[in-house]
Amino acid sequence: MSTIRVTVWNEYLHELRSEEVARVYPEGIHGCIAGFLKNAGFDTRTATLKEPENGLTQQVLDETDVLFWWGHIAHGQVEDATVERVYRRVQDGMGLVVLHSGHASKIFARLMGTNTGDLKWRENHEKQILWCVDSAHPIAEGLTQDMIILEHEETYGEPFQIPAPDQLVFISWFSGGDVFRSGCCYHRGKSKVFYFQPGHETFPTYHNETVQRVLINAARWAAPKAGPPATTGHVPETWV
Ligand code: ZN
């Protein structure tokens, strides 16, 4: 199997504006994620908001099997043309892993068919436990426990305004009492989309080795697989 090509996209603003965030992610969130994916054997590159075409030119996307997406305060600054290019590549087979506050990104909303992706949230340093509810799923492969404990995370709470996931891999509990669908799988066109909820910029969540394992698994799961062509449209000949 050829090496899976991953592009990690990050708006890359918090890290430049906040010393607190820069201490947690000195290479940027994208640098951290691309680093452990590279160590796991993926062919990785990064892209950020302020680059021309938001770093996601057609060529970059054509050379990407799986795109990771971290955005928060600048969803509106992502060019509509960029969203359109990403959307078309997803329809054509590129996998997409949407992280944390990416629930409110233009591309996630478009792919989910929702205008909001709304949810409850608060920054209260609560403890989070992600319970794995589908231990046979490829995204859970190799996990040694049926839960991931994060001592401090931003709290997200239901109701999460998304379509019902095709597969749900994680449900979270927060010490403040909320629950949240934290690992959601979707099929869109020829491609797969995974939403993974933890990853607030002030917490070292992406340094957690179990979280890294989940994201490594997600990249493998979302990567295009060899399969038959998906023939659509008018087919003039009868087949039997
Ligand atoms: Zn956050």
Side-chain angles (χ1 to χ4, degrees), residues 8-37 46-50 54 67-78 83 96-112 114-131 148-162 165 168-184 193-212 214-215 218:
V8 182
W9 188 89
N10 179 15
E11 64 182 22
Y12 193 36
L13 296 176
H14 286 294
E15 299 93 324
L16 300 177
R17 296 177 182 179
S18 160
E19 284 183 21
E20 181 188 10
V21 178
R23 269 196 300 274
V24 181
Y25 295 107
E27 297 171 71
I29 288 172
H30 54 302
C32 174
I33 293 171
F36 67 73
L37 291 174
T46 61
T48 55
L49 176 73
K50 299 295 186 188
N54 306 135
L67 177 65
F68 279 63
W69 191 279
W70 198 101
H72 179 215
I73 51 176
H75 295 312
Q77 294 179 40
V78 178
V83 177
L96 180 67
V97 178
V98 176
L99 299 167
H100 188 57
S101 39
H103 70 85
S105 63
K106 290 181 186 175
I107 185 60
F108 189 63
R110 178 147 181 210
L111 285 162
M112 294 299 105
T114 165
N115 288 328
T116 63
D118 273 353
L119 43 76
K120 284 198 198 81
W121 65 275
R122 63 179 166 274
E123 292 184 48
N124 222 11
H125 290 238
E126 289 175 16
K127 182 173 182 175
Q128 175 177 8
I129 298 178
L130 296 103
W131 289 98
I148 304 169
I149 300 174
L150 300 172
E151 288 302 327
H152 302 290
E153 250 298 347
E154 179 179 6
T155 301
Y156 277 16
E158 298 278 351
F160 187 15
Q161 302 295 314
I162 49 169
L168 184 62
V169 186
F170 294 103
I171 297 175
S172 285
W173 166 93
F174 292 87
S175 53
D178 290 277
V179 296
F180 195 75
R181 288 169 289 174
S182 286
C184 305
V193 177
F194 182 56
Y195 172 75
F196 191 60
Q197 169 265 322
H200 188 66
E201 65 274 5
T202 57
F203 300 117
T205 296
Y206 298 121
H207 295 293
N208 179 296
E209 288 187 7
T210 311
V211 167
Q212 293 180 1
V214 168
L215 295 179

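Position 1 is the first residue of the sequence, and the numbers go up from there. The basis for the numbers below is simple: all heavy atoms, side chains too, and nothing from hydrogens, waters or symmetry mates. First listed ligand is number 1; within each ligand, the first listed atom is number 1.
Not counting sequence neighbours, the partners of Y12 by the ring pair (Phe, Tyr, Trp, His ring centres under 6.0 Å) test are H30. A search for ring pair (Phe, Tyr, Trp, His ring centres under 6.0 Å) contacts involving F180 returns Y156, F160, not counting sequence neighbours. Applying the salt bridge (Lys or Arg N to Asp or Glu O under 4.0 Å) rule to R122 yields the partners E126, D178; only residues at least two apart in sequence or on another chain are considered.
Between W70 and H14, the ring planes are perpendicular. Angles over 60° get that label, and only those under 30° would be called parallel.
With waters neither drawn nor counted, the protein N/O/S atoms under 2.8 Å from the Zn ion (ligand 1) amount to 3.
Side-chain contact check for T202 and E20: no donor-acceptor pair (N or O, by modelled atom type) lies under 3.5 Å.
In this structure, F36 has its ring center at least 6.0 angstrom away from the ring center of H207.
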